[in-house]
Amino acid sequence: MNKDIENILVDAQNFESEGDFRSALEKYKEITELDKDNAEAHFKVGEMHHQLGELPKALSAYIRVTDLQPDHKKANVKIEMIQSIMNFFNPDLYNP
């Protein structure tokens, strides 16, 4: 990992630990732009979108992780979980 990515990662982790998920998301996205095949950075992009309640964007990021690493267990679990949330239908509730 190069020094630039390491520095950005430290910033991202600091923002994440402070609960500033929007800023952390931007930092993780910077890493994915510098290293398009960084599965962990893509996973963290998904995590930040998930924290922000942006499920379709989170799902997209997790799918990108599985494109890079098909056996990434956490990403596969997150994909399943988000798909079940997005496909939820309860006939007793109003679901447009």
Side-chain angles (χ1 to χ4, degrees):
M1 189 181 311
N2 75 34
K3 262 308 194 208
D4 291 340
I5 291 176
E6 285 180 29
N7 291 337
I8 297 168
L9 181 60
V10 168
D11 289 344
Q13 290 169 335
N14 287 337
F15 283 128
E16 185 178 355
S17 68
E18 294 168 3
D20 186 352
F21 302 121
R22 183 69 60 199
S23 297
L25 173 63
E26 294 309 314
K27 292 295 181 180
Y28 287 123
K29 281 184 177 179
E30 278 184 53
I31 296 171
T32 63
E33 289 167 14
L34 293 171
D35 182 2
K36 295 191 184 323
D37 295 333
N38 187 324
E40 285 311 306
H42 284 285
F43 182 77
K44 293 305 276 185
V45 167
E47 291 286 274
M48 296 305 100
H49 280 302
H50 197 169
Q51 286 290 334
L52 294 165
E54 301 167 346
L55 295 184
K57 290 179 180 179
L59 180 60
S60 179
Y62 294 137
I63 289 171
R64 175 70 177 126
V65 173
T66 60
D67 289 344
L68 296 169
Q69 289 182 5
D71 60 341
H72 194 287
K73 287 183 181 182
K74 288 181 181 178
N76 282 308
V77 167
K78 296 284 188 166
I79 289 169
E80 228 176 274
M81 182 177 67
I82 290 174
Q83 285 177 333
S84 72
I85 291 168
M86 291 173 69
N87 291 331
F88 177 75
F89 178 80
N90 183 339
D92 296 332
L93 297 174
Y94 175 69
N95 286 303

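Below, each value reflects all heavy atoms present in this structure, side chains not excepted, and no hydrogens, waters or symmetry copies. All values reported here derive from a predicted model rather than from experimental measurement.
- Put simply, Leu9 and Phe43 are part of two different groups of oily side chains (I, L, V, M, F, W, Y) that touch within less than 4.5 Å, one to the next.
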Inset, instruction - Verify side chain to side chain contact (heavy atoms under 4.5 Å, CB included) between Lys27 and Glu30, making sure each step is shown before the conclusion. - result: CA-CA 5 Å; Lys27 292 295 181 180; Glu30 278 184 53; 3.6 Å; yes
Legend entry - Residue pair Glu40, His72: steps toward the side chain to side chain contact (heavy atoms under 4.5 Å, CB included) verdict: CA-CA 10 Å; Glu40 285 311 306; His72 194 287; 2.8 Å; yes
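- The environment of Gln13 atom CD is dense: over 12 non-hydrogen atoms of other residues, nucleotides or ligands sit within 6.0 angstrom.
- The minimum heavy-atom distance between Asn2 and Ile5, with the atom names listed, is OD1-N, 2.8 Å.
- In this structure, Ile8 CD1 and Tyr28 OH are separated by 12.0 Å, a value rounded to the nearest 0.5 Å.
- Scanning all heavy atoms of the two residues, the minimum distance from Asn14 to Ser17 falls at O-OG, 2.9 Å.
- Taking the side chain as every heavy atom from C-beta outward, Lys3 and Glu6 approach each other to under 4.5 Å.
- Not a single ring pair (Phe, Tyr, Trp, His ring centres under 6.0 Å) links His50 to another residue, sequence neighbours left out.
- How far CG of Leu55 is from CD1 of Ile85: 5.5 Å, rounded to the nearest 0.5 Å.
- With rounding to the nearest 0.5 angstrom, the OG atom of Ser23 is 8.5 Å from the CD atom of Glu18.
- In this structure, Ile31 is a member of the same hydrophobic cluster as Leu52, with clusters built from ILVMFWY side-chain heavy atoms closer than 4.5 Å.
- Residues Ala12 and Ala24 share a closest heavy-atom pair of O-CB, 3.6 Å.
- Contact between Gly46 and Ala58 at its shortest, heavy atoms only, is O-CB, 3.4 Å.
- Nearest heavy atom pair, residue Ala75 against residue Val65, reads CB-CG1, 3.7 Å.
- For residues 62-71, the side-chain hydrogen bond (donor to acceptor under 3.5 Å, both in side chains) pairs, not counting sequence neighbours, are Glu47-Tyr62.
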Legend entry - Pair Glu16-Lys44, side chain to side chain contact (heavy atoms under 4.5 Å, CB included): steps then yes or no: CA-CA 10 Å; Glu16 185 178 355; Lys44 293 305 276 185; 2.9 Å; yes
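- Distance check, rounded to the nearest 0.5 Å: CD1 of Ile63 to CG of Asn76 gives 10.0 Å.
- Linking ILVMFWY side-chain heavy atoms closer than 4.5 Å, directly or via other members, places Val45 and Leu34 in a single hydrophobic cluster.
- For the atom pair CE of Met48 and CG of Asp20, the computed distance is 10.5 Å after rounding to the nearest 0.5 Å.
- Atom OG1 of residue Thr32 and atom NE2 of residue His42 lie 5.0 Å apart, to the nearest 0.5 angstrom.
- The cluster map of Ile, Leu, Val, Met, Phe, Trp and Tyr, joined by side-chain heavy atoms under 4.5 Å apart, puts Leu59 and Leu25 in different clusters.
- A salt bridge (Lys or Arg N to Asp or Glu O under 4.0 Å) check over residues 48-60, counting only residues at least two apart or in different chains, returns the pairs Arg22-Glu54.
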